[in-house]
2 protein chains.
Amino acid sequence: MQQDDLAAIMRALGHPVRLEILRILARKAQNCCCNDITDCLPLAQSTVSQHLKVLLDAGIIERRAKGTRNNYCVRTDRLAAFSVATRDYVGDLGTAAGSCADVLDAVS
Amino acid sequence: MQQDDLAAIMRALGHPVRLEILRILARKAQNCCCNDITDCLPLAQSTVSQHLKVLLDAGIIERRAKGTRNNYCVRTDRLAAFSVATRDYVGDLGTAAGSCADVLDAVS
DNA sequence: ATCTTTTATCGTAATTTGACGATGGAAGAG
DNA sequence: CTCTTCCATCGTCAAATTACGATAAAAGAT
């Protein structure tokens, strides 16, 4: 995964409400629409819809028209890839840096 | 780690420049000041300083006065905790959701 | 055909972000 | 003491984010 993509997903996830929305989606899994989420949050429907769009644009969730409703669900594959990319990124930093604090202590 | 803290770190990491700054810090490990980073990026010193503040406020990096300079380094511990928290969060979503897309396919 | 439900989108307002140049203060160098 | 280097902070500006209410379109229900 590209660094910019990683940043984009981080940014999309970088809001407590959106983390909570994903949890709600995961819990109600198979049949969750915008109103269902709005019922769980102290926010207006339009605000929730906006947050859903952010997650949608980042490719973290999926939308499926179902009659008069739109069902959303988590894109587990994308999140798994993100989790791996995050681990790799952090891992790279760690191996490159060693324990920087210790080095500074040793030098001073 | 609290969900809000996770969101705060995600947000701090949710910018390509800041991901790049962390990489630079990790590479130059033991002796990296604001100017060093600025030299690696097409940005003004004040802009880099601002990004450093964001990372600092999120607890992702550490500052150490060293003579006339301020050395920064990555807080590997915090990033490791973040990596774990991310994995756990994504893992929770996965187990709660199953493969939601498949469920929807089966229902439709 | 009409009504209701759902929800994306528009318009708006307040706040935050991201970028810059300028500046002042802190600390070593001469 | 003076000079230079480093850099956090201030002021500014444009753009993005976050929230809201209003609204219209789409689709099922009556």
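No hydrogens, no waters, no symmetry mates; every other heavy atom, side chains included, goes into these values. Residue numbers start from 1 in every chain, and the chains themselves are labelled A, B, ... in the order their sequence lines are given, proteins ahead of strands. Given the structure is predicted, the values throughout are model-derived calculations rather than measurements.
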Report yes or no: do [X] and [Y] belong to one cluster of Ile/Leu/Val/Met/Phe/Trp/Tyr joined by side chain heavy-atom distances under 4.5 Å?
{"X": "A:I9", "Y": "A:L56", "value": "yes"}
{"X": "B:L13", "Y": "B:V54", "value": "no"}
{"X": "A:I60", "Y": "A:L19", "value": "yes"}

Per the under-4.0 Å heavy-atom filter, residues of residues 16-23 of chain A near DNA chain D come out as A:R18

Under a 4.0 Å heavy-atom criterion, DNA chain C is touched by chain B from C:dG18 to C:dG28

Salt bridge (Lys or Arg N to Asp or Glu O under 4.0 Å) contacts touching [range] (sequence neighbours left out):
{"range": "residues 72-84 of chain B", "result": "B:R75-B:D77"}
{"range": "residues 50-61 of chain B", "result": "B:K53-B:D57"}
{"range": "residues 7-17 of chain A", "result": "none"}

Ordered by number, residues from residues 38-55 of chain A within less than 4.0 Å of DNA chain C (heavy atoms) are A:Q45, A:S46, A:S49

With sequence neighbours excluded, give me every ring-ring contact (aromatic ring centres under 6.0 Å, His included) pair touching [range].
{"range": "residues 8-66 of chain A", "result": "A:H15-A:H51"}
{"range": "residues 20-50 of chain B", "result": "none"}
{"range": "residues 20-41 of chain B", "result": "none"}

Quick one: side chains of residues 33-40 of chain A, donor-acceptor pairs under 3.5 Å with protein atoms, not counting sequence neighbours, listed by atom name and distance.
{"residue": "A:D36", "atom": "OD2", "partner": "A:C33", "partner atom": "N", "Å": "3.1"}
{"residue": "A:D36", "atom": "OD2", "partner": "A:R69", "partner atom": "NH2", "Å": "3.1"}
{"residue": "A:T38", "atom": "OG1", "partner": "A:C34", "partner atom": "O", "Å": "2.9"}

Note: for A:C33 and A:R11 on DNA chain C, the residue whose nearest nucleotide lies more 5' is A:C33

Those residues at least two apart in sequence (or on a different chain) that pass side chain to side chain contact (heavy atoms under 4.5 Å, CB included) with A:A80 are none

Chain B reaches DNA chain D, atoms under 4.0 Å from its heavy atoms, from D:dT5 to D:dT18

Electrostatic pair A:E62:A:R64 at N-O distance under 4.0 angstrom: yes

